[in-house]
Participant: 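Attaching a single structure in structure tokens format; questions to follow.
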Amino acid sequence: MAKIVNSWNDFDPLKHVIVGRADNSVIPNEEPATSEKVPVDSEMRGMWGPRPLETVEKANAQLDNLAKVLEDHGVKVDRPTPLQWNQPVITPDFRTDSMMTCMPPRDVLLTIGSEIIAAPMSFRCRYWEYLAYWPLLSKYFDEDPEFLWSQAPRPRLTDKSYKHNYYDEKVSLEERLERTANKDFVTTEEEIMFDAADVLRLGKDLFVQHGLTTNRKAMEWMKRKYPDLRVHAVNFPGDPYPIHIDATFVPLRPGLIINNPHRRLPEEQRKIFEANDWEIVDAAMPAHETPPPLCYSSVWLSMNCLVLDHKNVIVEASEHNQLEQMDKLGMNPIPVPFRDAYAFGGALHCATADVYREGGCEDYFPNQVEDPTLV
Ligand code: DAV
């Protein structure tokens, strides 16, 4: 039997990946976890219900094209099985009126070595999202005797998991920035909650963003689950809506990371990178001033690229600054149009989850200086 699942980072040669699907996508109604993540001036406020079919079709066309480009580069591509997302979620602890999507597998599937973990996400509307990937994981389980199929402890998502009245339209941007810099987020420490997209995997080290979607308890859980790995808590004070690390801090190859210049890693958290000769460079400015309509994410999806190996990287086709920067950094950028898919859950990294990358668990940070980020 073959080895199917193996991935320790975001840059070793990609051989097998899951690419999401936009079918049946819904804009969920407001709930305690989501109102904090929709910027106050966003057109998304107050909008909910199934997304217009025409936009779903356009997004799917770009997702299908991404799958084809990947196949042309020798990558095996699997696709999830969408649910009818326009159904309520009912548990003994809560009820909410719809689910969301399976466009961004990166949010829920965390691949570490030969294990894929379904993440305990903080959105009630995303409670059952992992089911879209179960047929694939079941197949990997049957075919790969080393594949570890796991699920993090399921959160209950009662009202205790969120701060009440944390959100208020009167809270200014300055105040928000102050809160996030002080690591004051809507989610509480009641239970373990994280999104897989908050975890940056670099071999023996996991850098985890503390933000709206991931709490400290999750990092404590990761530390106990992986005694051989080192878990680091990082945060990026310039971000008023910190969700997911992949439009903020993106590794391109061993020793090189691009960092969102509006969300720089604080000085004291850089020590571990500096002590091991990692270069952190400002990412190029986005080519667009606003995200596409009905999009949750910021224009910084520009840096949410998909690295194929230490040289080749897929970048959104209209992001000319980012394409140019890749070239300057010695990478070979492959432009792929993807903006029609953004609204469904993000860009190229979001829309994919690693199944197999050629390579092992390297120690990129042998020089463990006194590191304030270590959990
Ligand atoms: O900048 O809006 C998007 C990250 C999506 N995975 C942002 C973060």
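Counting starts at 1 for both ligands and their atoms, in listed order.
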Participant: Go through ligand 1 atom by atom and flag the ones less than 4.0 Å from a non-hydrogen atom of I243.
Facilitator: 4 (C), 8 (C)
Participant: To the nearest 0.5 angstrom, please state how far the CZ atom of F11 sits from the CD1 atom of I257.
Facilitator: 8.0 Å
Participant: Looking only at distances, can you tell me whether any N or O atom of H244, backbone or side chain, sits closer than 3.5 Å to an N or O atom of ligand 1?
Facilitator: yes
Participant: Quick one: which of V5, L110, L136 gives a side chain to side chain contact (heavy atoms under 4.5 Å, CB included) with I116?
Facilitator: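 Running side chain to side chain contact (heavy atoms under 4.5 Å, CB included) over V5, L110, L136 with I116 returns exactly one hit, V5.
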Participant: Can you confirm whether the side chains of N367 and N276 place a donor and an acceptor under 3.5 Å from each other?
Facilitator: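 Side-chain D/A pair, N367 to N276: absent.
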Participant: Are R253 and V313 side-chain neighbours, meaning at least one heavy-atom pair lies under 4.5 Å?
Facilitator: no
Participant: State if C350 counts as touching ligand 1 under the rule of any non-hydrogen atom under 4.0 Å.
Facilitator: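 True for this residue.
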Participant: With the threshold set at under 4.0 angstrom, would you say R263 reaches ligand 1 through any of its heavy atoms?
Facilitator: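 It does, in that a heavy atom of R263 comes within the 4.0 Å cut-off of ligand 1.
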Participant: What I want to know is whether W300 and ligand 1 share at least one N or O pair that is separated by under 3.5 angstrom.
Facilitator: no
Participant: Which of the numbered atoms in ligand 1 are below 4.0 angstrom from a heavy atom of D246?
Facilitator: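 With D246 as reference, the close atoms of ligand 1 come out as 4 (C), 5 (C), 6 (N).
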Participant: Just wondering, do I272 and L374 contact through their side chains at under 4.5 Å, heavy atoms?
Facilitator: no
Participant: Please verify whether a non-hydrogen atom of G346 lies at under 4.0 Å from ligand 1.
Facilitator: no
Participant: Going by the order shown, which atoms of ligand 1 are within less than 4.0 Å of some heavy atom of S297?
Facilitator: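 Result: 2 (O), 3 (C).
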Participant: From the options H210, Q269, Q209, R263, select the one residue that forms a side chain to side chain donor-acceptor pair (under 3.5 Å) with N235.
Facilitator: Q269
Participant: Of the listed options (C295, A196, S298), which comes nearest to atom 2 (O) of ligand 1 when hydrogens are ignored and any heavy atom counts?
Facilitator: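 Looking at heavy atoms only, the winner is S298.
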Participant: Could you state the interatomic distance from CD1 (I314) to CG (N332), rounded to the nearest 0.5 Å?
Facilitator: 10.5 Å
